[in-house]
2 protein chains.
Amino acid sequence: MDSFFHDLCPLRLTMDIIGGKWKLNIICLLKDGTPWRYNAIKRAVPGITNVMLAQSLKSLEHYGILSRQQYNEVPVRVEYRLTAAGMELLELLRQLRDWGNQYMQDFSNLESHCPQCLLQESETSR
Amino acid sequence: MDSFFHDLCPLRLTMDIIGGKWKLNIICLLKDGTPWRYNAIKRAVPGITNVMLAQSLKSLEHYGILSRQQYNEVPVRVEYRLTAAGMELLELLRQLRDWGNQYMQDFSNLESHCPQCLLQESETSR
DNA sequence: CAGAATCCAAGCCGATACTG
DNA sequence: CAGTATCGGCTTGGATTCTG
């Protein structure tokens, strides 16, 4: 975890929060606010390793994008869910997605439907 | 330049367009639509090398975020400026900045002013 | 002036194995 | 179940030199 305020640049901070290879996938997965367990996330994000998953979750929790709830049962159960800040961020990500979607339609005739698309929803815009 | 449509995921595409270490600095610099010459950009972005600048400009031009105009004088003059698509993207970046700014204020009492902040403007929001 | 070519360092990420 | 430890490759970016 690097310096918390990234030289006091808010845009750079935001980019660092959602940067990296797997953060968007995780945020997308938790988009409807329901709790997700560690291994469930791992199964739902194909290709992610334990190292990257644990690291990404820790970073997102550190920044308050998601919350971690641990239940000391046997075996232990841990649930992650998006915070209010995460939900706000999600809204911005939807706009970035819509911009990209518009961009793709402008520059080609490809259909906009994307099977493995992050943040995909039934409508183009919410 | 990797695959143009990034597995057809518009959000990933957008992130790739503005990803990397220097793209945001360059976009920010051209924010008011005025033309900038290569060496002027280089002087205005401290620490950037020729390799990274040329690479970033080429990528941003490839994605239609900025346009490149070459004047065959001696010596040659090249001007870069944001396109309409770049201006739209800039608007989204402002929102990301505002989110980060709000985030920073929520989590600390630091003043929000940031000397080297990207996309900095006189008001917090436009 | 506006870049391109080359080489090198650092850090991100993957694979595998292990643990409370 | 929910992680951590370790090693190694590969990508990203930096430094330097060179050119139309």
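Model, not experiment: these values are computed from the prediction. By convention in this document, chain letters (A, B, ...) are assigned in the order of the sequence lines, proteins followed by strands, and residues within each chain are numbered from 1.
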Peer 1: Any side-chain heavy atom of V78(B) sitting closer than 4.5 Å to one from Q69(B)?
Peer 2: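 Side-chain contact under 4.5 Å: no.
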
Peer 1: Take the protein atom CE of M52(A) and the nucleotide atom C1' of dG8(D), then report the distance between them rounded to whole Å.
Peer 2: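 These atoms are roughly 15 Å apart.
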
Peer 1: Name the nucleic acid region contacted by G47(A), choosing base, sugar-phosphate or nothing; use a 4.0 angstrom heavy-atom cut-off, strictly under.
Peer 2: nothing

Peer 1: Taking CG from L66(B) and C1' from dA2(C), how many angstroms apart are they, rounded to a whole number?
Peer 2: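 Answer to the nearest Å: 15 Å.
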
Peer 1: Indicate the atoms forming the closest heavy-atom contact of L82(A) with K31(A), along with that distance.
Peer 2: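 Where L82(A) meets K31(A) most closely, the heavy atoms are CD1-CA, 4.0 Å.
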
Peer 1: Taking atom P of dG3(D) as reference, at what distance in whole Å does atom CD1 of I41(A) sit?
Peer 2: 9 Å

Peer 1: Please check: side-chain N/O of K23(A) versus main-chain N/O of G19(A), any donor-acceptor pairing under 3.5 Å?
Peer 2: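 Confirmed, K23(A) side chain pairs with G19(A) backbone.
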
Peer 1: Taking all atoms of both residues into account, what is the closest heavy-atom pair of Y103(B) and H62(A), and its distance?
Peer 2: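 Result for this residue pair: OH-O, 4.3 Å.
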
Peer 1: Is K58(B) salt-bridged to E61(B), going by a charged N under 4.0 Å from an acidic O?
Peer 2: no

Peer 1: Nearest whole angstrom, please: distance from the P of dC13(C) to the CG of L53(A).
Peer 2: 13 Å

Peer 1: CD1 of I48(B) versus P of dT12(D): gap in Å, rounded?
Peer 2: 16 Å

Peer 1: Using a 4.0 Å heavy-atom cut-off to protein, can you give one letter per nucleotide of nucleotides 3-8 of chain C, 5' to 3': B if the base is in contact, S if only the sugar-phosphate is, - if neither?
Peer 2: BBBB--

Peer 1: Ignoring hydrogens and angles, state whether a donor on the side chain of R97(B) or Q95(B) is under 3.5 Å from an acceptor on the partner side chain.
Peer 2: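 Result is no, nothing qualifies.
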
Peer 1: Once rounded to the nearest 0.5 Å, what's the spacing between atom OG of S59(A) and atom CG of L66(A)?
Peer 2: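 It is 9.0 Å, given to the nearest 0.5 Å.
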
Peer 1: So, the side chain of T83(A) versus the backbone of S67(A): is there a donor-acceptor pair under 3.5 Å, distance only?
Peer 2: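 Pair absent, no side-chain N/O of T83(A) close to backbone of S67(A).
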
Peer 1: Output the rounded distance in Å from CH2 (W36(A)) to C1' (dC1(D)).
Peer 2: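 Roughly 17 Å, once rounded to whole Å.
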
Peer 1: Through what angle, rounded to 10 degrees, does the axis of the helix from dC1(C)-dG20(D) to dG20(C)-dC1(D) turn between its ends, using five pairs per end?
Peer 2: 50°

Peer 1: Expressed in angstrom and rounded to an integer, what is the separation of E79(A) atom CD from dA2(D) atom P?
Peer 2: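 Rounding to the nearest Å, CD of E79(A) and P of dA2(D) are 9 Å apart.
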
Peer 1: Between W22(B) and dG14(D), is there a side-chain N or O to OP1/OP2 distance below 4.0 Å?
Peer 2: yes

Peer 1: State which residues pass salt bridge (Lys or Arg N to Asp or Glu O under 4.0 Å) with E88(B); sequence neighbours excluded, sorted by chain then number.
Peer 2: none

Peer 1: Can you measure K21(A) atom NZ to dA15(C) atom C1' for me and round it to whole angstrom units?
Peer 2: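 Going from K21(A) (NZ) to dA15(C) (C1'), I get 13 Å.
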
Peer 1: Do the side-chain N or O atoms of R37(B) get closer than 4.0 angstrom to the phosphate oxygens (OP1, OP2) of dA2(C)?
Peer 2: yes

